[in-house]
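Below, chain A is the first sequence line, B the second, and so on; all start at residue 1. Here the structure is a predicted model, which means the values were calculated and not measured.
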Number of protein chains: 2
Amino acid sequence: MISLEDVAKLAQVSPATASRALTRPELVAEATRERVLEAARTLGYQPNVLARSLRQRGSRSLGLVVTDILNPFHALLAKGVQDVAEAQGYTVLMFNTDEESAKERRAFETLRGHLPQGLIVVPTPATHLNLKLLPNLPVIELDRASGRAGAHTVMVDNEVGAYRAVSHLAALGHRRIGMIVGRLDISTAVERHEGYRRALLDAGLPYRPELVVPGNHREADGRAAAHALLTLPPAERPTALFVGNNEMTVGAVLAARELGLRLPDDLSLIGFDDSRWAQTMTPAITVVAQPAYDLGALACRTLLNLLGGQTVPQSVRLKTTFIERDSAAPLTPQPSPLAGSR
Amino acid sequence: MISLEDVAKLAQVSPATASRALTRPELVAEATRERVLEAARTLGYQPNVLARSLRQRGSRSLGLVVTDILNPFHALLAKGVQDVAEAQGYTVLMFNTDEESAKERRAFETLRGHLPQGLIVVPTPATHLNLKLLPNLPVIELDRASGRAGAHTVMVDNEVGAYRAVSHLAALGHRRIGMIVGRLDISTAVERHEGYRRALLDAGLPYRPELVVPGNHREADGRAAAHALLTLPPAERPTALFVGNNEMTVGAVLAARELGLRLPDDLSLIGFDDSRWAQTMTPAITVVAQPAYDLGALACRTLLNLLGGQTVPQSVRLKTTFIERDSAAPLTPQPSPLAGSR
DNA sequence: TTGAAAGCGCTAACAT
DNA sequence: ATGTTAGCGCTTTCAA
């Protein structure tokens with residue numbers, strides 16, 4: 001390990017001067033600076049960030065805590081954060097919590113020991129409490145809002161996106177539109193549900209609680225929820241489904257398949273969040289797309305601005321995009337037992 | 001920030017004793033230990049890993065460098081590594097290189113400053129060179145082999161998996177089997193290509209270089225390669241395709257679609273590496289599946305064993321699994337211009 | 001513009 | 001079993 005002292009010796013200056021030449025060049029005479037830089041280069045000097053951080057009481061690193069790194073949406077968020085952080089010379093310490101409070105807690109504890117400058121977190125209902133472990137740390141909430149007073153958030157316009165999707169289904173003539181919604185203690189689920197509700201209202205359709213089934217964001221939950229909805233008696237069964245996130249959309253499509261329902265003939269379906277999978281499926285799935293990478297990148301930029309002392313907006317919403325593909329079609333009159341018995 | 005000194009004061013012992021009580025309890029009298037632990041708890045003490053690592057010349061952290069975190073295969077590798085590392089109290093510093101040598105170099109430089117105990121890397125052709133930045137660091141190569149003498153590697157049996165897939169196609173009666181292969185300066189591509197070659201040989205089929213098209217692992221490359229192969233004159237066009245990785249498989253399927261070729265009637269196709277996408281596509285794609293999570297977990301366990309001074313096998317291969325689905329079918333006689341003109 | 005000296009929080013010799 | 005002391009590599013007063 002080459003230390004600054006080695007560099008200083010070679011350049012025939014004191015360690016203090018060597019340090020200045022490397023980190024605050026303007027404080028050092030041109031000739032001296034050159035000599036130090038040259039020495040550093042020949043020795044292949046790499047600063048020991050541990051020592052530096054210890055001295056400065058803070059490392060040039062950021063924490064990133066996501067809830068499911070295997071979810072491509074989160075992978076994109078993470079890439080957005082990483083790319084921006086790296087460009088600014090920050091190291092990202094990334095943790096995955098699987099939506100478990102205990103894991104989040106451990107992540108925060110570990111993080112604390114590394115003295116990060118700031119934190120970007122996809123909050124869970126436990127985040128509010130766990131954040132007490134990191135007092136005075138600048139935090140950006142990403143994708144969801146924990147509800148902490150004064151929290152900085154970077155999200156998408158969930159309500160608008162959901163409204164658009166459900167309005168589309170209504171305009172296609174569907175009157176029984178079901179929703180598979182996320183956990184209602186998570187802001188995205190609440191907002192998307194609100195968009196659903198408002199779209200029904202504006203379309204003059206009744207809100208039927210029995211057509212709204214919550215799930216825990218996973219494929220299996222989407223499958224179970226869809227199964228429940230699609231096995232209702234024919235007169236009550238929804239003819240269209242709006243699904244609140246990407247993983248549950250997969251489950252819903254599989255459930256429909258298992259029940260022998262063809263998309264879009266027997267069932268129209270729109271998902272929230274786009275994916276490779278949604279694009280290449282047969283039929284391709286109509287979705288409300290989110291700018292995941294941009295979301296991550298913006299969160300990181302916001303955090304860095306905050307650290308730089310700039311004033312940043314409390315809350316930012318990026319726009320979703322409605323992408324019409326082939327999984328939602330006009331309602332076709334269906335043979336019903338009643339019609340058959342007339 | 002609560003320091004060890006605060007804890008020591010409260011427990012009425014020296015900092016050294018407090019340190020011992022926390023990290024090497026057996027060296028401290030029961031009563032003292034209790035007092036220290038109690039003090040640490042009441043103060044909410046969290047060790048400053050920076051100071052500790054500086055002192056110990058090494059942090060309880062591992063480097064993980066992957067080439068494409070957006071690729072679900074790599075995301076799974078990463079999760080496997082993370083889960084094992086976390087269970088052993090190690091922090092993972094993860095970097096993404098996008099297969100770019102410059103990014104890998106920067107990742108290694110950054111990593112060096114953090115004094116990691118070891119490194120797990122998905123090597124690129126540049127890794128050999130770049131690793132000179134991290135002399136004396138224990139390294140595990142994951143998924144691919146760089147060719148460095150004495151390197152520890154954790155991989156799958158690429159050659160066997162490819163052999164199985166191509167043999168399957170041959171057994172279905174296909175005689176012109178094309179391969180879309182990765183970059184031949186990467187070991188996985190070489191090995192899968194070798195399996196392809198050997199399967200053809202054993203099936204009594206000629207190896208035709210014109211039916212082997214290399215690509216750079218991305219969807220776009222797979223698409224272009226497939227397009228080139230599938231627009232060959234009918235008599236030369238392959239009736240089956242073996243694709244060397246997951247992203248290129250997507251591209252190949254899309255290319256076939258664009259050309260109006262239906263799977264498996266007009267074209268049989270088998271991909272390497274399973275995915276959500278391959279499972280739910282219509283038709284579902286027959287694949288050679290890899291135990292990605294296990295691969296990552298094993299690499300991490302191997303590294304930790306190595307750090308623990310145990311002797312570990314130089315090279316480990318995990319088994320692939322052939323999963324037969326619906327994208328490969330027996331060759332059906334096709335209407336050809338020649339047949340028509342007879 | 002440069003150097004000397006102190007100290008970030010921790011642990012490992014060494015001493016008792 | 002515990003305390004004293006020194007020092008990891010760096011930056012930052014303070015002084016020259």
Note to self: Without decimals, in angstroms, what is the distance between B:R24 CZ and C:dA13 C1'?
What the structure shows: 12 Å
Margin query: If the threshold is 4.0 Å, N to carboxylate O, is there a salt bridge linking B:D185 and B:R144?
Written below: no
Next item on the list: Ignoring the backbone of A:A16, work out which of C:dG9, D:dG3, C:dA4 is nearest its side chain.
Entry: C:dA4
Check: Whole-Å distance between D:dC14 C1' and A:R20 CZ?
Finding: 11 Å
Next item on the list: Looking at every strand, decide which applies to B:V49 at a 4.0 Å heavy-atom threshold: base, sugar-phosphate, or nothing.
Entry: nothing
Next item on the list: Mind calculating the distance between CG (A:N48) and C1' (D:dG7) to the nearest angstrom?
Entry: 13 Å
Checklist line | hbond_proxy B:R55 side chain to D:dG9 base (donor-acceptor, 3.5 Å cutoff) | finding: no
Notebook entry, point to check: So, is B:S14 near the phosphate of D:dG3, with a side-chain N or O under 4.0 Å from OP1 or OP2?
Noted result: yes
Margin query: It should be established whether B:T17 places a side-chain nitrogen or oxygen under 4.0 Å from OP1 or OP2 of nucleotide D:dG3.
Written below: yes
Next item on the list: Go through D:dT12, D:dA1, C:dG9 for me and flag the one nearest to the B:T32 side chain.
Entry: D:dA1
Checklist line | A:E141/A:R148 salt bridge by N-O under 4.0 Å criterion | finding: yes
Checklist line | Out of C:dT11, C:dT2, D:dC10, whichever nucleotide has its closest atom nearest the side chain of A:V28 | finding: C:dT2
Margin query: With a 4.5 Å cut-off on side-chain heavy atoms, are B:D273 and B:N245 touching?
Written below: no
Note to self: Does a side-chain N or O of A:S3 approach OP1 or OP2 of D:dG9 to a distance below 4.0 Å, or not?
What the structure shows: no
Next item on the list: Quick one: label B:L27 by what it contacts on the DNA or RNA (base, sugar-phosphate, nothing), any heavy atom closer than 4.0 Å.
Entry: base
Next item on the list: Choose from D:dT11, C:dG9, C:dA12 the nucleotide whose nearest atom is closest to any side-chain atom of A:L4.
Entry: D:dT11
Notebook entry, point to check: So does A:E109 pair up with A:R112, basic N to acidic O under 4.0 Å?
Noted result: no
Notebook entry, point to check: Quick one: is A:Q56 getting a side-chain N or O under 4.0 Å of the D:dT12 phosphate, OP1 or OP2?
Noted result: yes
